[in-house]
Amino acid sequence: MFHVNMQSITYPLLIVAAAAVCVPGCSSGDIPTYPVTGHVAFEDGQSLTTGGVVLCESLEVQSDGMAIMARAKIEADGTFELSTFDEGDGAVIGKHRVLVKAQRDADDYYKRGIVPRPVIDERFEDYETSGLELVVEEGDNEFQIVVVAPKHIIERPLRNE
């Protein structure tokens, strides 16, 4: 019997929703941002080419008692440009914890009938487990974010009993 996890079916929609995340009601006001660009790659230097998003949460600067968030779409060549208040405006100064959500292949579900497999180790999809941090400084900032592929799980064929 084949069981489908509905959360996996809607994963591409979650990527889009995550890209739109910003602290509700935040505006640039008097909080300066600085340009942040970068590249997401695997340990061997190969770019993450499936797309997805990079989300950054400020650990030092807050607005209305909430952390300020920056987000970016990961392009097909693995590059990204952070936005906080306006498109491409960068991120606030200071330390940020980072997560990466890589786009999974929806064709796995739609064409092959299987739950889309993760492209990167799932620990990178949560601030608490990613271990990723960026420190944004005045001026232009460029970062290399290194992720690892998921551990391969040996799939066993289902037996009819």
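Note that the structure is a prediction, hence the values are computed from the model and not measured.
Cluster membership for V54 and V135, using ILVMFWY side-chain heavy atoms within less than 4.5 angstrom, is not shared. V146 and I120 are members of different hydrophobic clusters when ILVMFWY side chains are connected at heavy-atom separations under 4.5 Å.
The pair E57-R97 counts as a salt bridge, with a side-chain nitrogen and a carboxylate oxygen less than 4.0 angstrom apart.
How far CZ of R104 is from OG1 of T50: 10.5 Å, rounded to the nearest 0.5 Å. The OG1 atom of T129 lies 8.0 Å from the CG atom of D121; values are rounded to the nearest 0.5 Å. Note: L55 CG to E125 CD = 10.5 Å, rounded to the nearest 0.5 Å. Separating the CG atom in L132 from the CG atom in L99 is a distance of 8.5 Å, to the nearest 0.5 Å. To the nearest 0.5 Å, the span separating CD on E122 from NZ on K101 amounts to 9.0 Å. We find the CG-CZ distance between L82 and F143 to be 8.5 Å, quoted to the nearest 0.5 Å.
S83 places a side-chain N or O within 3.5 Å of a backbone atom of G88 that can act as its donor or acceptor partner. Panel note: side chain R71, backbone T84; a donor-acceptor pair is recorded below 3.5 Å. Under a 3.5 Å cut-off, the side chain of D126 and the backbone N or O of F124 do not form any donor-acceptor pair. A distance-only check finds no donor-acceptor pair linking the side chain of D140 to the backbone of P35 [under 3.5 Å]. S58 places no side-chain N or O within 3.5 Å of a backbone atom of A67 that could act as its donor or acceptor partner.
In this structure Q62 satisfies the side-chain contact (heavy atoms from CB on, under 4.5 Å) test with no other residue, sequence neighbours excluded.
Scanning all heavy atoms of the two residues, the minimum distance from G51 to L48 falls at O-CD2, 4.3 Å. Here the closest heavy-atom approach between residue I31 and residue F85 is recorded as O-CE1, 3.9 Å.
Using a 4.5 Å cut-off on side-chain heavy atoms (C-beta onward), F42 and V119 make contact. Contact annotation: the side chain of V92 never approaches that of V136 to less than 4.5 Å [non-hydrogen atoms, C-beta and beyond]. The shortest distance between side-chain heavy atoms of E133 and L59 falls below 4.5 Å.
Screening residues 35-44 for side chain to side chain donor-acceptor pair (under 3.5 Å), with sequence neighbours left out, gives H39-S47, H39-Q144.
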Using the rule given for side chain to side chain contact (heavy atoms under 4.5 Å, CB included), can you reason through I74 versus Q103, listing the C-alpha separation, both sets of side-chain angles and the distance that settles it, and then say yes or no? CA-CA 9 Å; I74 301 170; Q103 177 70 45; over 6 Å; no

Requested in this report: Could you please spell out the steps behind the side chain to side chain contact (heavy atoms under 4.5 Å, CB included) verdict for F80 and I145?
Outcome: CA-CA 10 Å; F80 65 89; I145 296 176; 3.7 Å; yes

